[in-house]
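First comes the structure, then the notes that go with it.
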Amino acid sequence: MRTLIILSFIVGVLAPGVAGAQQAGAPALDEQQTQGRRLLNQHCAICHLKPQLGAATFGPALSKETLGGQEAVLREVIGNGLPRMPGFKHEFKAEQIGAIIAYLKTVPAPVAPAKP
Ligand code: HEC
């Protein structure tokens, strides 16, 4: 039982968080999605991906379900930022933001943490 809890915890933490990992059964990324994953790792990881097991992140986990997966809303948030998040519209071209969104669409929603 304890192993199961620990395992589901690890899956819950790693599955959505490790953007570099190719998950079993997940489709291979195309060129645009690969570019998006790289940009996310370089520019967003500090706040949105866990640096180590059990660590908290400053920003929420990102996945295909973030903001209902609505492309226009994602573009607006990534471009203009939020109160605690910088905007990227001066740093990124429209197609770079598009690549990040294309990659996010491949990221499964986080698994709910195991109940003790
Ligand atoms: C300085 C830390 C920081 C960086 C860097 C950052 N974010 Fe955020 N992000 C946040 C925080 C914090 C929030 C939660 C909203 C708030 O508190 O303002 C957020 C919210 C979001 C949301 C909305 C999530 C939701 O569920 O409502 C999206 C989408 C998002 N970020 C995407 C990105 C992308 C893509 C990048 C990289 C290009 C990025 N963020 C870089 C801190 C950051």
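As a basis for the values below, the full set of heavy atoms in this structure was taken, side chains included, without hydrogen atoms, waters or symmetry mates. Along the sequence shown, the residues carry numbers beginning at 1.
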Is the number of heavy atoms from other residues, nucleotides or ligands under 6.0 Å of Q42 CD greater than 12?
yes
Minimum-distance pair of heavy atoms, taken over all atoms of V107 and S63:
O-CB, 3.5 Å
L74 and L67 have their tightest heavy-atom pair at CD2-CD1, 3.8 Å
Looking at NZ of K64 and OG1 of T106, how far apart are the two atoms once the value is rounded to the nearest 0.5 Å?
8.0 Å
Could you state the interatomic distance from CG (L40) to CD (Q35), rounded to the nearest 0.5 Å?
12.0 Å
Within the side chain of R84, is there an N or O that forms a donor-acceptor pair under 3.5 Å with the backbone of G59?
no
Tell me, which pairs form a side-chain hydrogen bond (donor to acceptor under 3.5 Å, both in side chains) where one or both residues lie in residues 65-74, sequence neighbours left out?
E71-K105
Quick one: are F88 and Q96 in side-chain contact, heavy atoms under 4.5 Å?
no
Can you list everything that forms a side chain to side chain donor-acceptor pair (under 3.5 Å) with E76? Sequence neighbours excluded, please.
N80
For the CZ atom of R38 and the CD1 atom of I100, what is their distance to the nearest 0.5 Å?
10.0 Å
At what distance, to the nearest 0.5 angstrom, does CD1 of I78 lie from NE2 of H43?
12.0 Å
With rounding to the nearest 0.5 angstrom, report the NE2 to CG distance, H48 to L62.
4.5 Å
As an exercise, state the distance from CG of L39 to CD of E91, rounded to the nearest 0.5 Å.
9.5 Å
Within the supplied structure, the quantity of interest is the number of heavy atoms (other residues, nucleotides, ligands) at a distance under 6.0 Å from I46 CD1; does it exceed 12?
no
